[in-house]
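Working notes, structure below.
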Amino acid sequence: QVQLVESGGGLVQAGGSLRLSCAASGRTFSISTVGWFRQAPGKERECVAAMRWSGSIAYYADSVKGRFTISRDNAKNTVYLQMNSLKPEDTAVYYCAATDSYKAFTILTAAGGASFDYWGQGTQVTVSS
């Protein structure tokens, strides 16, 4: 089993920045891919960023390219999502997820992350206009 705990959400004005953290514990050696997802009220959950646990490849949704950066601290087993130039439409609950699958990102990031096995509890991000 893998446990994921997110932190770093909050309220920020449009144009501001936040950094989300996701601390992984347990059988982290089994993780191949980690991702950040978000779900806004009335909308489906979507993947905003994902990366191989090794850090070798990263994926970004078009809506966040150039604004969000996913990264990992190996020593701390922590994954980050740096969010810059935030917009009101970025408001959502953000979830960290992990999987042992090496499927292509086009598959892993589809269907609201159905291919991911482990999920954090979520952290609220609210961007005011």
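- Gln124 and Val93 make their closest contact through OE1-CG2, 3.2 Å (heavy atoms, listed as atom of the first residue, atom of the second, distance).
- Scanning both residues, Gly112 and Phe37, for their nearest heavy atoms gives C-CE2, 3.8 Å.
- Defined by atom type and a distance below 3.5 Å, a donor-acceptor pair is present between the side-chain atoms of Ser56 and Ser54.
- Side-chain contact check for Asp117 and Thr99: at least one donor-acceptor pair (N or O, by modelled atom type) lies under 3.5 Å.
- Heavy atoms only, all atoms of each residue included: Ala92 and Arg38 are closest at CB-CB, 3.8 Å.
- The minimum heavy-atom distance between Thr78 and Ser21, with the atom names listed, is CG2-CB, 4.2 Å.
- The aromatic rings of Tyr94 and Phe68 sit tilted relative to each other, their planes meeting at an angle between 30° and 60°.
- Distance alone, capped at 3.5 Å, is enough to place a donor-acceptor pair between the Thr91 side chain and the Val127 backbone.
- A salt bridge links Asp90 with Arg67: the closest approach of a Lys/Arg side-chain nitrogen to an acidic carboxylate oxygen falls below 4.0 angstrom.
- Distance alone, capped at 3.5 Å, is enough to place a donor-acceptor pair between the Thr33 side chain and the Ser101 backbone.
- Residue pairs meeting the disulfide (SG to SG under 2.5 Å) criterion with at least one partner in residues 56-102, sequence neighbours excluded, are Cys22-Cys96.
- Heavy atoms only, all atoms of each residue included: Asn77 and Trp53 are closest at OD1-CZ2, 3.6 Å.
- In this structure, Gln82 contributes its side chain and Arg19 its backbone to no donor-acceptor pair below 3.5 Å.
- Looking only at side-chain heavy atoms (C-beta outward), Val34 and Phe116 stay at 4.5 Å or farther from each other.
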